[in-house]
Amino acid sequence: MQISFHKYQGTGNDFVMIDDRQRTFPEDNSEVIGFLCDRKMGVGADGVILIQEHPEHDFRMIYYNPDGSKSLCGNGSRCAIAFAKALGMIGDKTVFETTDGVHDAFIQGEIVHFHLHDVNTVEHQGNDFFIDTGSPHHVQLVEDVAAVEIVSEGSAIRYDEKYSPGGTNVNFLQQQESQISVRTYERGVEGETLSCGTGVTACALAASFLNYESPVSVETKGGQLSVSFEKKGEQHFENIYLAGPAKKVFEGIVEVPVQNEIPS
Ligand SMILES: N[C@@H](CCC[C@H](N)C(=O)O)C(=O)O
């Protein structure tokens, strides 16, 4: 089977994007998704995104982690918006549906602004927070984010009984003079990604408890993001926007081995 794809990245969080308006992609096939994400055998990416027609909105976006699971993806949404614009499906404003419902967004030059749903609950204990920004995120404050052993420390929290059975993404946040620095262990990838949009958003909301004001600038290994929000009361956030670049890298056609020949 041959699959045409476009490769996009948003601050280094990279995705295989599929124009699936003809509905030919083998949806929910975790072996094909895993193959496309494989950096040695396939194209290589942190996730796969399908763009489909939607009866009421501009488009539907389906995001898959490399293990085939689904969740909201902030950077993936920003890339999907840029891709939908390149396909001529939208202009500079859009309303589309993804894993957690309907979102709006707009594009200003190279920057895609993605509107996340309101957040009503923040769990906060000492240096640790838990915030669901459409995907679940544990946030831990650290002195030196560069020194964190992301895979061992992140997976210990990701698989903690507290978050069973679904698990959580895990973000490490270092406070700096005028911004925060974040590194993320992503569930479904089971490793560090260069940036995680919903994670960065959770960290910016957590930073509001440390006296950072909106918009919060966030440094990730893959580049700079900005998160704006209105804090209404102790735990309630509205008008949450994640903003940053989303870029096409290349496009191509990949030969996907037949089902029982996909390397595991
Ligand atoms: N990279 C994403 C988050 C993708 C989903 C996550 N791995 C999960 O399973 O919750 C982002 O930019 O938000």
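Just so you know, residue 1 is the first one in the sequence shown, and it goes up from there. Every number for a ligand or one of its atoms is a count from 1 in the order of the listing.
Glu123 and Gln235 share no donor-acceptor pair across their side chains, judged by distance under 3.5 Å alone. A donor-acceptor pair shorter than 3.5 Å cannot be found between the side chains of His138 and Asn171. With hydrogens and angles left out, the side-chain atoms of Gln174 and Ser181 include no donor and acceptor closer than 3.5 Å.
Asp46 and Val189 get closest at one heavy-atom pair: O-CG2, 3.7 Å. Shown here for Ser135 and Asn169, the closest heavy-atom pair between the two residues is CB-ND2, 4.0 Å.
Proximity to Asn75 (heavy-atom distance under 4.0 Å) selects the following atoms of ligand 1: 11 (C), 12 (O). If you number the atoms of ligand 1 from 1 as listed, the ones under 4.0 Å from a heavy atom of Tyr63 come out as 4 (C), 5 (C). Atom numbering of ligand 1 starts at 1 in the shown order; those under 4.0 Å from a heavy atom of Cys196 are 1 (N), 2 (C), 3 (C), 11 (C), 12 (O), 13 (O). Those atoms of ligand 1 that come under 4.0 Å of a heavy atom in Gly74, given as number and element, are 11 (C), 12 (O), 13 (O).
Ligand 1 lies within reach of Leu72, whose nearest heavy atom is under 4.0 Å from it.
Between Lys7 and Asp14 there is a salt bridge, since at least one side-chain N of the basic residue sits less than 4.0 Å from a carboxylate O of the acidic one.
Counting non-hydrogen atoms of other residues, nucleotides and ligands closer than 6.0 Å to CD of Glu149 gives a total of 12 or fewer.
Contacts between Asn65 and ligand 1, counted as non-hydrogen atom pairs separated by less than 4.0 Å, involve the side chain only. With a 4.0 Å heavy-atom cut-off, ligand 1 is reached by the backbone of Thr198 and by its side chain too. With a 4.0 Å heavy-atom cut-off, ligand 1 is reached by the side chain of Asn169 but not by its N, CA, C or O.
Taking each of Gly47, Ser135, Ser195, Gly197 in turn, the one with a heavy atom nearest to atom 12 (O) of ligand 1 proves to be Gly197. With atom 3 (C) of ligand 1 as the reference point, the heavy atom nearest to it among His137, Glu190, Arg158, Glu186 is part of Glu186.
Nearest protein heavy-atom contact of atom 2 (C) of ligand 1 is Cys73 SG, 3.1 Å.
The main-chain N or O of Gly166 is found under 3.5 Å from a side-chain atom of Arg187 such that the two form a donor-acceptor pair.
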